[in-house]
Structure formats: structure tokens, C-alpha cells
Protein chains: 2
Amino acid sequence: MTPARTPTGAAPTRGRRPGRSTGDDREVAILATAERLLRERPFGDISIDDLARGAGISRPTFYFYFPSKDAVLLTLLDRVTEEANAAAGDALVRLAEDPRARWRELIARFHATFGGHRDVVLACAQVRGTNAEVRRLWAEVLERWVRAVEAAIEGERARGAAPDGLPARDLAIALNSMNERVWYATFAGDGPAVAERDVVDVLLDVWLTAIYRTTTPPSL
Amino acid sequence: MTPARTPTGAAPTRGRRPGRSTGDDREVAILATAERLLRERPFGDISIDDLARGAGISRPTFYFYFPSKDAVLLTLLDRVTEEANAAAGDALVRLAEDPRARWRELIARFHATFGGHRDVVLACAQVRGTNAEVRRLWAEVLERWVRAVEAAIEGERARGAAPDGLPARDLAIALNSMNERVWYATFAGDGPAVAERDVVDVLLDVWLTAIYRTTTPPSL
DNA sequence: GACACCAGTCAACACCCTGTCGAGTGGAAT
DNA sequence: ATTCCACTCGACAGGGTGTTGACTGGTGTC
């Protein structure tokens, strides 16, 4: 696996061969094709041949750029999670100035990012069951967010704004998990789901009550 | 699809042919094989041939009993959800006598049922992404639980034990979604997860604070 | 007892998808 | 002019799914 053809570039990102120049266009074309096809049908119904033809290359050539279909999705997921991390940014600093507004900002930004790439997010959720690599990456990303939320909760408890209760980490896991599943249902549109218009406020309310026991936590 | 070979029995359950007598053993054998294999490897790594050989029949013969591999899992899921429904039972009646204990009972019973069939539950979660039938069944089941919780929340608000706030349905969706995802992580063991020992109490706390704004809601 | 019927069974086939191998090809570097 | 290598693809091997059509043996019927 991952023959690492060229020791040219820096770190070989995500099993993708670190091509030089000509190949870059093709790699981009494959990713663009994947995003386009994902808009019209589920990931499982897209074959490597579809991806290759869409990028104007043959199937064997596809393997020069990506080791598998899943690796393409992984690259797409990488982008989304990076964007989400950037969007989340500093929403949790100076939480004390206006806790409700800050938490809402955090949730709304994630919502906007995921909503903007719902096809990729949905495809990843589907593949997570069968692909260990996607599972691992998602677990990493989630762990990062859980830690950030855990620290924020502990900060709020330390300043007396939030009461003690569950271990902050467990609470952070539960709340992040809720968001993930609720967003999934909202974007997928199958099964019981919160309307997209309301979802941020619904999630926010549960977060605030779980953390503060009130929907109007105190500022400084 | 679903040729409906024999118009013998009543409603043909879940695409499974309504066999008469000899075939019943084989059908049971297939289901048992599926459960056994699921204990040792993921659903995607189990082929129809594995299922057939495990039940002592050939692959074509498998198709006499089930229209696909997924249909086997669907039958297994049916059992689990029926068991869960039975276990949940009357936990939400007379909620007012001891709300905390009742809610805990509900969550604990679901936890016990799912934990007792974690392989099936995990497999379904994985397949849900690719199989519309599983998705539909799960959506149905979830809808039922959401409605029950929604009604319970409204009951608690009516008697003045729980404050108004989010639409009860949205809250019920969010809480049920949280449980699903948190259990999944706990049983799967990948990514950030709550320890199995603690998971019921963690979920309970979030439910109580979201519904009542306190972890010690008032009795009658 | 011969016959028809049918649930149940499977070898063989057609098909699709994945991943690999080996033989190219063309442009840049020596 | 030659070498080298990123890049390309035809052809193959392998494995999974779903279907077809022929066969078998038990049961009920006349």
C-alpha cells in the first residue's frame, strides 16, 4: 500500500501521491468530480471508473493519484474539517463576556460549515461504518472539539457561572455527539429531524441547560 | 424483486419468503449464522456465501430465504427494536411519581437492550448509510420514541414540573439523537466515548437539565 | 401404485467492480 | 543522443452479487 513513488515533496498528504505539476490538475479534477457526483448520488453508487472518466483519465490512472475511492473522500473531509476548525476559531475565548452569544456563535459556525458541504459530510457519515481511516480521522477531529468544549466548561465552572455536575469531558462528548447526529438527520432529511432553520437554537438550548441549568447564563 | 413464491402464509414479513416448515430451520440457521459472524467481524466483511455456508446451504439457496444480505440484518434489527419497545414499555406512565427514577429507567432499559445486541446495532448503524430499507425502519422506530418522549415532556409541562421552552418535539428529537450517537460511540469504542459504566447517568443528566432545568425534578 | 405438484436445492452463468501488472510515451535533464 | 521518470492505459485476475434452469424428494390425489 501507498508505494510513495516520489520522495519529492514534503509530507505525502493522506496517501495521495505527491505529484509534481502535470498531475496536480488531474488530482484536482478527481476531487471536483467527486464533489459533483456526490451532489447527485450517494457515495456507494459512484465507482472509481466514474471518478476517473469524470476527470478525463482511465481507471488505472486513477490509482496513480489516489489509492482508493475512500482516499478521495478522506481528502475532501480533510478540507471540511480544516474549514470547520478555522470557523470555530476563537468563539470560545472570552466566553464570559456573553456566554449565550459565544456558544451560539460556535454552534452556528459549525452549522454553516457543515451545511455548506453537506454532501461530503453525509458521504463521510455513511462511509465511516465501513472505512477505518475515515473513522480514525473523524475520531481525531471530534476529540479536538471535545477537548475544547471540556476546557470551556471547566472554565465556566471555575468562574462560578456553571454548576458542578457531570465530568466535563463526558458532558462535552454527549453534547458534541448530539450535534453530530442532529445535523446528520437535518441534512439527510430522513427520519425525525429538526428543521434546518431551527436547528442551531435547539442545539444551543440543550447545551446551555446542560452546562448552566439555564438558557440565560450570567456574563462577567 | 421479492417474487413472492408462495401465497401461503399471512403477510410476508420483510421480504423474507413465508416458508412452510423445512425451510424454517434454514432461515433460523441463517439468522443465527449472521449473529455469530457479526460477533467476529463487521457486516461488510461477511459475504452471502459465508452466511449460506454457515447455515449449511449453497449461495443460490440463500436467495430462497432472503432477497439480500441486508434483509437478514433487517430481520435481526426488527427483533431488537421489538425487544426495545417491550423493554421501554410503561416507563413513561406515572412519570410524575418520581420523574428522575422513571426517566432513568427508560434510558437504562434501552441501554440494556442495545448493549445486549450491540453487534446487530453497530452493523445497522453502518449499513444505514447505504441501505434505504434500514434507514426507513430506523426512522420509523425513532419516530415512535420521539413521539412518546414528546408527549411525556408536554405532560410534565402541563403539570408545572417542567418549564416551557423549545418545542417538545424538537427537544425530543435532539435528546433521542444524542442517545443514539453516544451509545454508538460507547459500543463501538472508537473515538471519544463515555465509559459504558457511566453512560446511562450522563445521558440522564442531560435529559433532566434539558427538560426540567434541574437534575432533581419535583414529584407530585 | 402411478402421477402431478411444488418447496427446496444448487451448478453454472453473466455481470460489475476493484486492484495490479507490464508495456508504453513524451518531455526535461545530462 | 541518451537517459530518466512522471504519467498513462490495455488487459488480466479475483471476488462478490444476483439469476437461470434443471433436478430431487416428499406429499396428496385418483
Side-chain angles (χ1 to χ4, degrees), chain A residues 1-10 12 15-30 33-34 37 41-74 127 130-133, chain B residues 1-10 12 15-31 33-34 37 41-74 126-127 130-133:
Chain A
M1 310 250 178
T2 321
R5 303 257 178 144
T6 24
T8 308
R16 176 178 66 230
R17 276 86 160 186
R20 258 220 328 274
S21 58
T22 325
D24 270 4
D25 317 348
R26 300 289 160 81
E27 191 174 319
V28 169
I30 291 172
T33 302
L37 293 182
R41 57 179 190 271
F43 188 67
D45 292 357
I46 298 172
S47 72
I48 289 181
D49 203 46
D50 294 332
L51 258 23
R53 303 242 164 257
I57 56 177
S58 72
R59 204 168 51 79
T61 300
F62 168 92
Y63 287 100
F64 183 82
Y65 294 101
F66 292 94
S68 70
K69 199 175 62 161
D70 290 357
V72 176
L73 190 56
L74 219 37
V127 170
T130 62
N131 181 298
E133 196 66 8
Chain B
M1 306 243 181
T2 322
R5 303 255 180 146
T6 25
T8 309
R16 176 178 66 232
R17 277 86 160 187
R20 258 222 327 275
S21 58
T22 325
D24 271 4
D25 316 348
R26 300 288 160 82
E27 191 175 319
V28 168
I30 291 172
L31 291 168
T33 303
L37 293 182
R41 57 178 188 274
F43 188 66
D45 291 357
I46 298 172
S47 72
I48 289 180
D49 203 48
D50 294 333
L51 257 22
R53 304 241 164 257
I57 56 177
S58 73
R59 203 169 53 81
T61 299
F62 168 93
Y63 287 100
F64 183 83
Y65 294 101
F66 293 94
S68 71
K69 199 175 63 161
D70 290 358
V72 176
L73 190 56
L74 218 37
Q126 289 171 9
V127 171
T130 61
N131 182 299
E133 196 66 10

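Proteins come first, then strands; the chains are lettered A, B, ... in the order of their sequence lines, and each starts at number 1.
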Distance (rounded to the nearest 0.5 Å) between A:D70 CG and A:F43 CZ: 5.0 Å
Taking only heavy atoms on the protein side, list every residue of residues 54-61 of chain A lying under 4.0 Å from any atom of DNA chain C, sorted numerically. A:R59, A:P60
Among residues at least two apart in sequence or on other chains, which ones pass side-chain hydrogen bond (donor to acceptor under 3.5 Å, both in side chains) with A:S68? none
Can you check the B:I46 CD1 to D:dT17 C1' distance for me, whole Å? 16 Å
C:dC17 C1' sits how many Å from A:F62 CZ, rounded? 13 Å
Rounded to whole angstrom units, what separation is found between the OH atom of B:Y63 and the P atom of D:dG21? 17 Å
Quick one: does A:F66's side chain get under 4.5 Å of A:L74's, heavy atoms only? no
CD1 of A:I48 versus C1' of C:dC16: gap in Å, rounded? 13 Å
How long is the span from the CZ atom in A:F62 to the CD1 atom in A:I48, to the nearest 0.5 Å? 5.0 Å
Table please: side-chain donor-acceptor pairs of residues 49-57 of chain B below 3.5 Å, with sequence neighbours left out.
| from | atom 1 | to | atom 2 | distance (Å) |
| --- | --- | --- | --- | --- |
| B:D49 | OD2 | B:R53 | NE | 3.4 |
| B:D50 | OD2 | B:R41 | NH2 | 3.0 |
| B:D50 | OD2 | B:S47 | N | 3.0 |
| B:D50 | OD2 | B:S47 | OG | 3.3 |

Whole-Å distance between C:dG8 P and B:F66 CZ? 13 Å
Using a cut-off of strictly less than 4.0 Å, decide whether B:Y65 has a side-chain nitrogen or oxygen near OP1 or OP2 of C:dA7. no
Is there a side-chain contact (heavy atoms from CB on, under 4.5 Å) between A:T130 and A:V127? Walk through the geometry before answering. CA-CA 5 Å; A:T130 62; A:V127 170; 4.1 Å; yes
Whole-Å gap separating C1' (D:dG15) and CG (B:D45): 13 Å
How many Å lie between CG on B:D49 and P on D:dG15, as a whole number? 12 Å
Rounding to a whole Å, what distance do you find between A:N131:CG and C:dT18:P? 14 Å
Of the listed nucleotides D:dG18, C:dT18, C:dA7, the one nearest the side chain of B:F64: C:dA7
